[in-house]
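Keep in mind it's a predicted model, so treat the numbers as computed, not measured. Every chain is numbered from 1, with letters handed out A, B, ... down the list of sequences.
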Protein chains: 2
Amino acid sequence: MSDQPTDVSPLSLNRLSIYLRCLTQLRDQGIARVSSKQLAKQFQLSAPLIRKDLTQFGEFGIRGTGYEVEALITRLRTILGLDREQRIVVVGMGRLGGALARYLELNRGAFRIVAAFDSDRRKVGSKVGAFKIHHVSEVPQVIPNTGAKIAVLTVPPRSAQRTCDALTEAGIRAVLNFAPVQLQVNPEIRARSVDVRIHLEELAFFVQS
Amino acid sequence: MSDQPTDVSPLSLNRLSIYLRCLTQLRDQGIARVSSKQLAKQFQLSAPLIRKDLTQFGEFGIRGTGYEVEALITRLRTILGLDREQRIVVVGMGRLGGALARYLELNRGAFRIVAAFDSDRRKVGSKVGAFKIHHVSEVPQVIPNTGAKIAVLTVPPRSAQRTCDALTEAGIRAVLNFAPVQLQVNPEIRARSVDVRIHLEELAFFVQS
DNA sequence: CCGTGTGAAGTCCTTCACAGCT
DNA sequence: AGCTGTGAAGGACTTCACACGG
């Protein structure tokens with residue numbers, strides 16, 4: 001589709017998101033140009049790393065001057081696909097799912113929730129913001145119509161893998177999983193897990209010393 | 001304090017948590033022994049990697065046989081510090097903070113919430129489960145008394161850094177941050193950020209192709 | 001002169017291959 | 001024979017140092 005490199009390391013990709021956020025802040029402060037050294041100082045990173053991350057996608061710095069904030073923001077948004085609307089669905093409207101949905105509605109950037117799902121029949125049918133809650137069994141019918149390619153998965157661990165299979169079957173290409181399980185997915189599907197317990201256990205280890 | 005290696009890579013450490021979870025499942029299924037190859041198959045990892053991860057802390061496998069599930073669980077819990085009670089505080093009892101607190105109360109392993117904080121005076125004073133909600137300004141007084149060393153930070157981005165400073169000042173040694181900002185902390189403090197937007201943007205990139 | 005872009009060096013992590021125990 | 005533990009090889013990511021352009 002575009003001539004972007006397709007083999008970008010996840011670490012580098014996550015940093016691009018961080019750069020984008022930081023640049024947006026700088027723009028709001030009225031700053032028009034910034035050097036990699038200045039950026040590096042703001043969040044603990046190294047200047048050459050920032051330059052390497054950026055040059056994967058082309059040369060958009062000006063030697064001797066730095067980067068134009070506005071232009072770089074635009075470029076990063078395009079790279080990340082945030083210039084297009086990204087339709088997402090939330091599966092599992094419990095407390096966490098509800099909180100995430102609310103957050104995404106408030107901070108609606110490129111991401112737009114187009115549907116939600118839950119297994120609790122009492123929740124089904126109600127509207128939250130601009131989208132409706134469907135029963136999970138309707139995933140195969142509803143998802144293809146929405147055109148969503150990204151799903152946020154906040155169901156109980158027991159049903160996570162089953163639900164994930166249904167989602168990919170229905171055309172979902174990427175899953176952000178909050179259930180504490182290791183999802184098994186085909187290589188063409190991208191799954192990212194956010195696991196609070198794993199993070200807490202990591203912190204518990206460090207607190208010991 | 002113990003003779004554990006103090007320089008364990010975060011990646012390796014996170015895998016230890018994953019092993020622990022998987023081993024617990026195996027135990028519940030009544031499996032007493034397991035080989036690194038079997039473990040590797042369950043979640044997409046390699047057998048030598050599992051062995052390397054484990055041997056950092058000693059040799060607790062049996063050649064020709066594998067690992068004893070129960071013994072390995074005990075060992076991993078000790079390594080991660082989960083044999084002791086880990087007291088944590090939740091700062092910011094909005095929707096996300098509330099959902100996380102609820103989750104941690106239900107799945108109370110080694111982690112016990114001993115206090116919560118919020119800036120909304122209407123929430124202050126109420127009890128959620130076994131802990132009380134204090135006003136954020138009370139952090140300096142309350143935290144030292146609880147003995148908590150880990151904090152979960154779910155406050156708005158604007159106040160995240162300020163709150164984090166107050167927490168470390170009050171004796172908190174590790175912070176799990178959900179606000180979309182890069183926290184600046186001293187090297188003796190461990191901060192981990194979970195940022196939904198960054199993960200979604202990573203997925204948006206992959207969905208493009 | 002300043003800061004980007006980039007090959008080369010260095011570091012960290014993973015995989016490999018096999019020695020050694022059961 | 002089977003599987004762990006481990007030095008050595010391999011790969012991935014980061015840093016360094018400097019050439020090049022503004």
Side-chain angles (χ1 to χ4, degrees), chain A residues 3-19 22-23 26 31-73 75-76 79 182 198 202 205, chain B residues 4-19 22-23 26 31-73 75-76 79 182 187 198 202 205:
Chain A
D3 58 349
Q4 286 191 29
T6 173
D7 56 337
V8 188
S9 91
L11 289 156
S12 171
L13 206 44
N14 287 349
R15 283 194 300 268
L16 293 181
S17 289
I18 295 174
Y19 303 156
C22 185
L23 288 163
L26 292 177
I31 295 167
R33 269 192 290 270
V34 69
S35 73
S36 59
K37 195 190 275 183
Q38 289 173 297
L39 276 174
K41 207 190 264 176
Q42 295 248 358
F43 32 80
Q44 240 63 339
L45 287 171
S46 83
L49 184 57
I50 295 174
R51 296 201 297 272
K52 270 260 157 73
D53 281 339
L54 295 177
T55 49
Q56 299 178 85
F57 302 95
E59 311 188 0
F60 21 85
I62 306 156
R63 303 194 182 203
T65 310
Y67 299 89
E68 301 228 2
V69 173
E70 188 63 49
L72 190 49
I73 288 175
R75 199 72 191 80
L76 284 176
I79 291 167
Q182 304 299 112
I198 286 180
E202 182 188 343
F205 174 84
Chain B
Q4 287 191 28
T6 174
D7 56 335
V8 188
S9 91
L11 289 157
S12 172
L13 206 44
N14 288 349
R15 284 193 299 267
L16 292 181
S17 289
I18 296 173
Y19 304 156
C22 184
L23 287 164
L26 292 177
I31 296 166
R33 270 193 288 271
V34 69
S35 73
S36 59
K37 195 191 274 185
Q38 290 172 295
L39 275 174
K41 208 190 263 177
Q42 294 248 0
F43 31 81
Q44 239 65 340
L45 286 172
S46 83
L49 184 57
I50 294 174
R51 296 201 296 272
K52 269 261 157 73
D53 281 339
L54 295 176
T55 50
Q56 300 177 85
F57 302 96
E59 310 188 359
F60 21 86
I62 305 157
R63 302 192 183 205
T65 310
Y67 299 88
E68 300 226 3
V69 173
E70 188 65 48
L72 190 50
I73 288 175
R75 198 75 191 80
L76 285 175
I79 290 167
Q182 304 301 111
I198 287 179
E202 182 188 342
F205 174 84

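Using a 4.0 Å cut-off, no side-chain N or O of A:Arg33 falls inside it from OP1 or OP2 of C:dG3. Within the structure, a side-chain polar atom (N or O) of A:Tyr67 is placed less than 4.0 Å from OP1 or OP2 of C:dG5. Residue A:Ser36 places at least one side-chain N or O closer than 4.0 Å to OP1 or OP2 of C:dT4.
A side-chain donor from one of A:Gln56 and A:Ser12 sits under 3.5 Å from a side-chain acceptor of the other.
Using a 4.0 Å cutoff to heavy atoms of chain B, the contacted part of DNA chain D runs 5' to 3' from D:dG2 to D:dA8.
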### Task
Evaluate the criterion side chain to side chain contact (heavy atoms under 4.5 Å, CB included) for residue pair A:Tyr67 and A:Arg51; output intermediate values, then yes/no.
CA-CA 10 Å; A:Tyr67 299 89; A:Arg51 296 201 297 272; 3.6 Å; yes
### Task
I would like to know whether A:Leu16 and B:Phe205 meet side chain to side chain contact (heavy atoms under 4.5 Å, CB included); could you show each step before the answer?
CA-CA 11 Å; A:Leu16 293 181; B:Phe205 174 84; over 6 Å; no
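We find that CD of A:Glu68 is positioned 14 Å from C1' of C:dT4, with the value rounded to whole Å. As rounded to whole Å, 15 Å separates atom P of C:dT11 from atom CG of B:Asp7.
In this structure, the side chain of B:Ser35 engages the main chain of B:Gln38 through a donor-acceptor pair within 3.5 Å.
Ring geometry for B:Phe43 against B:Tyr19 counts as parallel: the plane angle stays under 30°, on a 0 to 90° scale with 60° as the upper cut.
Using a 4.0 Å cut-off on heavy atoms, the residues of residues 46-61 of chain B that approach DNA chain D are B:Arg51, B:Lys52, B:Thr55, B:Glu59, B:Phe60, B:Gly61, listed by number.
Note that the CG atom of B:Leu72 and the CG atom of B:Leu23 stand 5.0 Å from one another [nearest 0.5 Å].
A:Ser12 comes within 4.0 angstrom of nothing in the nucleic acid, heavy atoms only.
Shown are A:Leu45, A:Leu26, A:Val69; of these, the side chain to side chain contact (heavy atoms under 4.5 Å, CB included) with A:Leu39 is made only by A:Leu26.
For B:Ser46 against B:Ala40, the heavy-atom pair with the smallest separation is C-CB, 3.9 Å.
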